[in-house]
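Below, all heavy atoms of this structure are taken into account, side chains as well, without hydrogens, waters or symmetry copies. Throughout, a chain's letter reflects where its sequence line sits, starting with A, and its residues are numbered from 1.
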Protein chains: 2
Amino acid sequence: MSRSIPLEIIDDQEDGRSQRRDAIANRKLILRTAEKLFAERGVHEVNMADIAQAAGVGKGTLYRRFTNKAALCLALMDAQMREFQNTMLERMRTMSANGVSRLEQLMHFLDALVHFTDAHVPLLCEIQREGMVTQDETSLQLPHFWQYMTVNGLLRAAREAGEIAPDLDVDYLADALLAPLKADIFRYQREVRGFSLERISQGLQTLVSGLRVCV
Amino acid sequence: MSRSIPLEIIDDQEDGRSQRRDAIANRKLILRTAEKLFAERGVHEVNMADIAQAAGVGKGTLYRRFTNKAALCLALMDAQMREFQNTMLERMRTMSANGVSRLEQLMHFLDALVHFTDAHVPLLCEIQREGMVTQDETSLQLPHFWQYMTVNGLLRAAREAGEIAPDLDVDYLADALLAPLKADIFRYQREVRGFSLERISQGLQTLVSGLRVCV
DNA sequence: AATCATAACGGACTCAAGTCCGCTTGTCAA
DNA sequence: TTGACAAGCGGACTTGAGTCCGTTATGATT
């Protein structure tokens with residue numbers, strides 16, 4: 001697999017060193033506190049003032065550590081996010097080695113992403129709240145960017161391998177396939193429409209299958 | 001065309017009669033004022049207080065006429081929305097009469113929707129701001145609901161006509177095909193990715209084509 | 001025309017996100 | 001050890017959405 005995905009999620013300021021001890025301590029304290037409150041009352045029901053107070057810290061401090069609620073939520077998912085990425089990269093490497101087609105890899109990726117999204121809807125909703133265009137905070141885009149690059153890369157590879165027609169608009173299709181996985185749409189499908197994970201995954205597979213060259 | 005789409009967008013309180021003169025007058029006044037301010041400064045840059053003040057009306061009045069900014073924006077699009085719906089229904093009737101396939105009708109509908117969406121992105125962003133689940137205000141869902149029913153209906157008809165495989169999950173696919181047309185995603189594709197309307201439309205056609213039964 | 005129930009009005013108020021800025025403290029170099 | 005200063009801290013403040021409620025206007029009834 002020649003395609004390289006050089007993206008790492010860069011957390012707020014994670015130089016490691018050059019951070020003052022109290023800053024690092026507060027960061028962890030805030031994360032732990034937020035995690036606890038979110039678990040108790042739900043992400044949406046907890047506001048920033050609550051978190052600051054529960055952590056015994058000023059609002060200014062809270063906002064110095066995390067630009068906004070979205071950034072805080074992203075930081076809370078960081079570990080699992082990295083793990084997901086690494087697992088996926090690993091699996092795709094294995095699949096490639098075993099001659100699994102690119103489209104099948106894509107389907108596998110989307111299926112995994114469906115489960116990952118489901119497991120983190122509340123946080124993801126908060127992270128994506130402000131929409132994609134307004135969001136200046138570049139790091140908030142990174143998760144989506146990584147997903148996009150992955151799907152895009154797999155489609156490109158599929159195209160080169162002749163699995164899909166050579167004139168397909170890979171750049172657009174990657175976006176379109178990921179659109180139903182945006183947190184609020186996904187949540188709507190789950191909660192209002194009552195779709196199961198399998199059903200959603202299956203539906204996405206259908207769309208991917210449709211790209212396959214008709215033999 | 002046997003499928004019926006009984007939905008009409010019900011505006012805030014549009015019984016017509018049984019509305020006090022001052023209420024009606026204020027409603028129009030507010031709409032005109034908002035339209036003007038939005039045109040001058042952009043939807044996002046104008047806040048509710050601005051509108052109330054410019055209209056020479058209290059905030060309470062503003063909120064009595066329109067539940068929130070989203071409802072106000074929806075009301076501003078109402079006429080064009082209805083026109084779009086009617087035009088579409090009309091065209092689809094014509095196409096059906098001329099033996100145009102359901103999938104082709106669907107493609108036509110999506111193409112038109114792409115242009116419609118593009119023409120109204122700022123208002124649509126505001127309308128869809130709160131996400132789909134939180135949104136209690138049922139009427140705000142109506143536009144999306146109508147679009148969903150249309151796509152869903154066309155897919156069903158296509159399935160019955162044997163244009164697509166009989167086991168496809170029409171309910172899910174309708175949602176998935178509309179997902180990239182949600183205002184914020186659409187706006188991202190247009191403004192950040194720089195996709196042209198033709199390109200987006202083309203991409204959606206590709207996805208629809210993929211559903212077609214391989215002969 | 002006067003009465004009155006009811007809807008409409010206005011603006012002060014609440015609530016949450018995010019900013020500002022004067023004070024404090026950890027770090028590093030002398 | 002000390003002292004300067006960048007970084008961190010806290011909480012008052014700003015901003016905008018949306019609510020509440022006492023006052024006022026409308027129009028149906030008599």
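- A heavy-atom distance below 4.5 Å is found between the side chains of F66(A) and R27(A).
- Regarding N68(A), its CG atom lies at a distance of 10 Å from the P atom of dA17(C), rounded to whole Å.
- One can place CD1 of I51(B) at 17 Å from P of dG11(C), the figure rounded to the nearest angstrom.
- Taking only side-chain nitrogens and oxygens, K69(A) never comes nearer than 4.0 Å to OP1 or OP2 of dG18(C).
- Side-chain proximity of D22(A) to dG26(C), dA8(C), dG10(C): nearest is dG26(C).
- Nearer the 5' end of DNA chain D, as judged by each residue's closest nucleotide, is the contact made by A49(B), out of A49(B) and R21(B).
- Below the 3.5 angstrom threshold, one finds a donor paired with an acceptor across the side chain of R20(A) and the base of dT25(C).
- When the side-chain nitrogen and oxygen atoms of T61(B) are compared with OP1 and OP2 of dG10(C), one or more of them lie within a distance under 4.0 Å.
- Of all heavy-atom pairs spanning Q128(B) and D184(B), the tightest one is OE1-N, 4.5 Å.
- In this model, a side-chain donor or acceptor of K59(B) finds a partner on the base of dG18(D) within 3.5 Å.
- In this entry the distance linking CG of L62(B) with P of dA12(C) reads 16 Å, nearest Å.
- For the pair Q19(A) and dG8(D), the criterion of a side-chain N or O lying under 4.0 Å from OP1 or OP2 is met.
- The interatomic distance linking H44(A) (NE2) with dA16(C) (C1') rounds to 10 Å, in whole Å.
- Donor-acceptor pairing under 3.5 Å is recorded for the side chains of R156(A) and N152(A).
- Rounding to whole angstrom units, OH of residue Y63(A) and P of dA12(D) are separated by 16 Å.
- In this structure, M48(B) atom CE and dG18(D) atom C1' are separated by 9 Å, rounded to whole Å.
- Rounded to whole Å, the distance from CD1 on I24(B) to C1' on dA7(C) is 12 Å.
- Rounded to whole angstrom, the span from the CD atom of E126(A) across to the C1' atom of dG18(C) amounts to 14 Å.
- Position along DNA chain C of the nearest nucleotide to G60(A) versus N47(A) favours N47(A) as the more 5'-ward residue.
- Phosphate contact (OP1/OP2 of dA8(C), side-chain N/O of N26(B), threshold under 4.0 Å): absent.
- For the OP1/OP2 pair of dC9(C) and a distance below 4.0 Å, the side-chain nitrogens and oxygens of R65(B) include at least one atom meeting the criterion.
- Inspection of the T61(A) and N26(A) side chains reveals no N or O donor paired with an N or O acceptor under 3.5 Å.
- Within the cation-pi definition used here (under 6.0 Å to the ring centroid, within 45° of the axis), R193(B) does not qualify as a partner of Y172(A).
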